[in-house]
Amino acid sequence: MARHLLLPVVMLVISPIPGAFQDSALSPTQEEPEDLDCGRSEPSARIVGGSDAQPGTWPWQVSLHHGGGHICGGSLIAPSWVLSAAHCFMTNGTLEPAAEWSVLLGVHSQDGPLDGAHTRAVAAIVVPVNYSQVELGADLALLHLASPASLGPAVRPVCLPRASHRFVHGTACWATGWGDVQEADPLPLPWVLQEVELRLLGEATCQCLYSQPGPFNLTLQILPGMLCAGYPEGRRDTCQGDSGGPLVCEEGGRWFQAGITSFGFGCGRRNRPGVFTAVATYEAWIREQVMGSEPGPVFPTQPQKPQSDPQEPRENCTIALPECGKAPRPGAWPWEAQVIVPGSRPCHGALVSESWVLAPASCFLHPSSSDSPPRDLDAWRVLLPSRPRAERVARLVQHENASWDDASDLALLQLRTPVNLSAAPRPVCLPHPEHYFLPGSRCRLARWGRGEPALGPGALLEAELLGGWWCHCLYGRQGAAVPLPGDPPHALCPAYQEEEAGHCWNDSHWSLLCQEEGTWFLAGIRDFPSGCLRPRAFFPVQTHGPWISHVTQGAYLEDQLTWDWGPDGEETETQTCPPHTQHGACGLRPEAAPVGVLWPWLAEVHVAGDRVCTGILLAPGWVLAATHCVLRPGSTTVPYIEVYLGRAGASPLPQGHQMTSAPPLLCQTTEGSWVLVGMAVQGSRELFAAIGPEEAWISQTVGEAHFLPSSGSPHWPTGGSNLCPPELAKASGSPRAVHFLLLLTLLIQS
Ligand code: 4AZ
């Protein structure tokens with residue numbers, strides 16, 4: 001991977017590519033004198049999804065060091081020449097000094113003493129003049145060694161293909177390197193060279209895959225001089241640190257270097273195979289650079305020319321679909337796992353790969369010894385859908401912050417025997433850290449952890465995701481910056497219908513599943529301890545994607561599938577959160593309000609079964625309404641009153657009812673909070689009684705009512721204080737009667 005250093009250029013050559021895209025002057029059948037053998041390795045027996053190579057299998061593989069560490073791979077093509085990728089040596093369009101690089105040859109494990117390996121200094125680095133960035137091709141470089149390598153069983157050159165050489169697509173070839181084993185997951189000690197078998201993909205197939213919108217909705221143009229290798233379903237691939245290394249294919253008992261690891265979108269992602277520099281295309285350029293060097297690289301004639309042209313125009317274009325997150329119907333979750341620990345109730349988790357189940361760590365933490373879980377895993381069992389017998393557990397890995405951070409209350413359980421994935425069991429998809437679940441996404445709650453669910457039957461558990469700004473500000477701090485779409489959020493807020501019940505369940509046992517294009521993602525776990533604050537917020541799972549991938553080496557992290565960001569997606573300015581009360585941000589209006597609720601503090605006050613007037617929610621227990629609406633003229637007895645929250649304006653009033661009072665007057669502050677400034681005078685839609693003069697009375701009666709400071713908000717009429725009704729949005733709540741106390745005022749009497 002290119003590093004970001006800007007260094008002076010010393011002894012570097014940039015050279016043109018003569019006839020880069022055409023055949024060389026040598027005819028393909030013409031045999032050259034071969035004073036050097038190539039492409040032979042000891043018969044024997046990361047790269048993503050690879051395994052340890054045997055020493056001596058890939059004797060041309062070299063490691064390029066800079067600043068004391070491995071940066072890129074390369075291949076020995078002649079005693080004094082190494083082939084690699086241009087992007088390894090370029091920073092901001094400038095080549096780095098050759099003197100800063102060294103080449104390690106004959107190395108297997110890069111840990112400890114490098115037995116049998118030797119190092120060479122680099123005399124010069126040559127890069128094609130037309131190289132600018134990896135996506136535009138010509139990503140190759142030649143390193144001239146200061147002194148020739150000592151050839152032996154562990155150090156031998158690879159054969160190079162002529163421009164006329166045809167590699168048949170579908171051929172199984174091998175990529176090698178010391179690169180990351182997954183995105184952002186370095187090869188662990190002892191840094192043994194990794195190998196992975198990759199299939200060559202025809203240009204049309206590769207272009208078809210890269211034309212599918214992928215991460216960030218991007219597509220890529222595959223250019224002449226590039227070749228692709230891998231699988232539509234991903235999972236086996238090269239990754240950062242493998243760049244510059246070889247992709248080799250065996251023909252007639254010798255290994256030919258078909259490609260140089262160049263780039264890709266991420267590593268091992270679906271429909272995003274690795275992109276390599278097609279070495280054959282650059283035969284002439286390579287010959288030109290090494291001219292006069294003896295012995296030079298060897299370009300043997302292709303042993304057996306394929307019968308038909310493998311680059312024929314018609315190739316099949318089969319894109320891979322997600323292998324995770326498919327459910328026959330909502331609620332029938334094929335990843336539902338129950339972990340049975342003797343002596344306690346089952347703990348609900350989710351299958352995330354063939355071998356791993358994700359569940360809350362709190363299920364397995366002993367209350368007495370909070371940080372050391374019991375390790376008698378022999379008796380533990382995992383129940384999975386459609387599996388006749390319970391699975392046994394081999395290992396429990398807790399998140400390092402599990403015991404003190406609710407957002408990290410996660411553990412991974414490894415099954416002793418991997419399960420065959422089919423319709424069931426099937427893993428749930430996990431989001432990458434940059435996933436942005438769109439407001440309005442269709443979600444469901446699913447059981448999570450131990451204990452009885454606080455909600456009723458499954459039908460009630462449908463949920464819709466609310467806007468990130470609104471959710472963040474409701475739970476975040478006043479003035480806190482709101483994460484932009486694509487930055488990991490701190491909370492995910494689904495709006496869903498709860499049972500009719502006066503209680504607020506505090507320690508719920510739910511996870512949040514969200515759907516994109518029919519594929520379910522585990523988006524959130526355990527809601528925030530939020531009392532009665534609505535909507536509820538879940539801890540996002542996406543921040544844990546790298547940890548889950550690292551532990552499981554194969555959990556199904558899936559790219560975002562819907563990208564219709566709408567106006568939110570265009571937002572690039574940092575926004576800050578409005579003022580807060582003890583109940584959350586006040587005066588916040590949900591952007592994508594479900595069921596048409598625009599003003600979450602508006603209440604319907606139903607009086608004695610016939611009249612309806614507008615109320616304003618000031619605090620969890622208090623609604624402000626106009627006296628004329630509530631009391632009959634001359635009467636002092638309070639009639640029977642019901643207050644409906646979360647539906648004002650969204651649903652029609654019951655038959656025979658009519659709204660008796662006009663809506664209140666709200667003004668928005670510069671920070672975005674809405675402030676109640678007036679209540680409509682009886683019979684008028686234009687005249688309002690100011691709230692300001694009643695501040696003392698309201699604040700004495702309703703301790704928790706939140707008043708904004710009267711200065712600094714030039715947006716509303718002066719003459720009164722500025723009352724901000726706390727946001728207690730029961731934004732999606734079912735219409736239901738709440739028998740809260742009414743704050744009945746004599747505020748508005750004509
Ligand atoms: C890199 O950053 C890199 N999956 C190399 C190869 C691939 C992606 C990234 C292909 O060097």
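Along the sequence shown, residues carry numbers from 1.
For the pair Pro161 and Phe167, the minimum side-chain heavy-atom distance is below 4.5 Å. Thr176 has its side chain within reach of Pro246: a pair of non-hydrogen atoms, C-beta onward, lies under 4.5 Å apart. Pro59 places none of its side-chain heavy atoms less than 4.5 Å from the side chain of Leu105. Under the 4.5 Å side-chain criterion, counting only non-hydrogen atoms from C-beta, Leu484 is in contact with Asp487. For the pair Thr238 and Val48, the minimum side-chain heavy-atom distance is 4.5 Å or more. In this structure, Pro157 and Val298 have side chains that are not in contact, with every pair of non-hydrogen atoms separated by 4.5 Å or more.
Not a single donor-acceptor pair under 3.5 Å links the side chain of Ser243 to the backbone N or O of Gln240. The closest donor-acceptor contact from the side chain of Ser211 to the backbone of Gln207 lies under 3.5 Å. In terms of modelled atom types and a separation under 3.5 Å, the side chain of Glu283 and the main chain of Arg162 share no donor-acceptor contact.
The salt bridge (Lys or Arg N to Asp or Glu O under 4.0 Å) contacts involving residues 259-270 comprise Glu183-Arg269, Arg269-Glu434, Arg269-Asp559, Arg270-Glu558, where partners must be two or more places apart or lie in separate chains. Note on residues 72-83: pairs passing side chain to side chain donor-acceptor pair (under 3.5 Å), not counting sequence neighbours, are Ser75-Gln257, Trp81-Ser293. Pairs of residues two or more places apart, or lying in two chains, never qualify as disulfide bond (SG atoms under 2.5 Å apart) while including a residue from residues 93-129. Listed by first and then second residue, the disulfide bond (SG atoms under 2.5 Å apart) pairs involving residues 131-185 are Cys38-Cys159, Cys173-Cys249 (not counting sequence neighbours).
Side-chain contact, Ser441 with Glu516: no donor N or O sits under 3.5 Å from an acceptor N or O.
Taking the ring centroids of His165 and Phe256, they lie under the 6.0 Å cut-off. Taking the centre of each ring, Trp101 and Phe89 come in below the 6.0 Å mark.
Across Leu198 and Ala229, no two heavy atoms sit closer than the pair CB-CB, 3.9 Å. When all heavy atoms are compared, the tightest approach of Ser132 to Leu136 is OG-CD1, 3.5 Å. Here the shortest heavy-atom pairing between Ser41 and Gly56 reads CB-O, 3.8 Å. Shown here for Pro322 and Thr519, the closest heavy-atom pair between the two residues is CG-OG1, 3.8 Å. Among all heavy-atom pairs drawn from Asn130 and Ala138, the shortest one is OD1-CB, 3.7 Å. Taking all atoms of both residues into account, the shortest heavy-atom contact from Ile77 to Leu83 is CG2-CB, 3.9 Å.
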Would you tabulate the side-chain donor-acceptor contacts of residues 185-192 under 3.5 Å, counting partners in other chains and residues two or more places apart, or write 'none'?
residue : atom : partner : partner atom : Å
Asp185  : OD1  : His550  : ND1          : 2.7
Asp185  : OD2  : Gln182  : NE2          : 3.1
Asp185  : OD2  : His550  : ND1          : 3.2
Asp185  : OD2  : Gln553  : NE2          : 3.0
Trp191  : NE1  : Leu187  : O            : 3.1

Just distance, no hydrogens or angles: give the donor-acceptor pairs under 3.5 Å from side chains in residues 142-156, sequence neighbours left out.
residue : atom : partner : partner atom : Å
Ser147  : OG   : Arg120  : NE           : 3.2
Ser150  : OG   : Arg120  : NH2          : 3.3
Arg156  : NH1  : Arg40   : O            : 3.3

Pairs of donor and acceptor atoms involving the side chains of residues 271-279, under 3.5 Å and at least two apart or interchain, shall be tabulated with distances.
residue : atom : partner : partner atom : Å
Asn271  : OD1  : Ala320  : N            : 2.8
Asn271  : ND2  : Ala320  : O            : 3.1
Arg272  : NH1  : Leu209  : O            : 2.9
Arg272  : NH1  : Gln212  : O            : 3.4
Arg272  : NH2  : Gln212  : O            : 2.4
Arg272  : NH2  : Leu218  : O            : 3.0
Thr277  : OG1  : Asp139  : O            : 2.7

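A distance of 6.5 Å separates CG of Leu220 from OH of Tyr210, quoted to the nearest 0.5 Å. Interatomic distance, Asp237 CG to Thr261 OG1, rounded to the nearest 0.5 Å: 9.0 Å. Note that CG of Leu227 is 12.5 Å distant from NE2 of His169, once rounded to the nearest 0.5 Å. The distance from atom CG of Leu140 to atom SG of Cys88, rounded to the nearest 0.5 Å, is 11.0 Å.
Here Tyr131 pairs with nothing under the ring pair (Phe, Tyr, Trp, His ring centres under 6.0 Å) rule; sequence neighbours left out. With sequence neighbours excluded, the residues that form a ring pair (Phe, Tyr, Trp, His ring centres under 6.0 Å) with His435 are Phe437, Phe521. Residues that satisfy the ring pair (Phe, Tyr, Trp, His ring centres under 6.0 Å) test with His70, not counting sequence neighbours, are Trp178. By the side chain to side chain donor-acceptor pair (under 3.5 Å) test, His490 pairs with no residue at all, sequence neighbours left out. Every side chain to side chain contact (heavy atoms under 4.5 Å, CB included) that Ser102 has, sequence neighbours left out, goes to His65, Thr119.
A salt bridge does not link Glu250 to Arg254: none of the charged side-chain nitrogens sits closer than 4.0 Å to a carboxylate oxygen.
With a 6.0 Å cutoff to the six-membered ring centre and a 45° limit on the axis angle, Arg236 counts as a cation-pi contact of Tyr231.
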From CA spacing to verdict: side-chain hydrogen bond (donor to acceptor under 3.5 Å, both in side chains), Glu251, Gln302: CA-CA 8 Å; Glu251 281 182 34; Gln302 182 161 22; 3.2 Å; yes
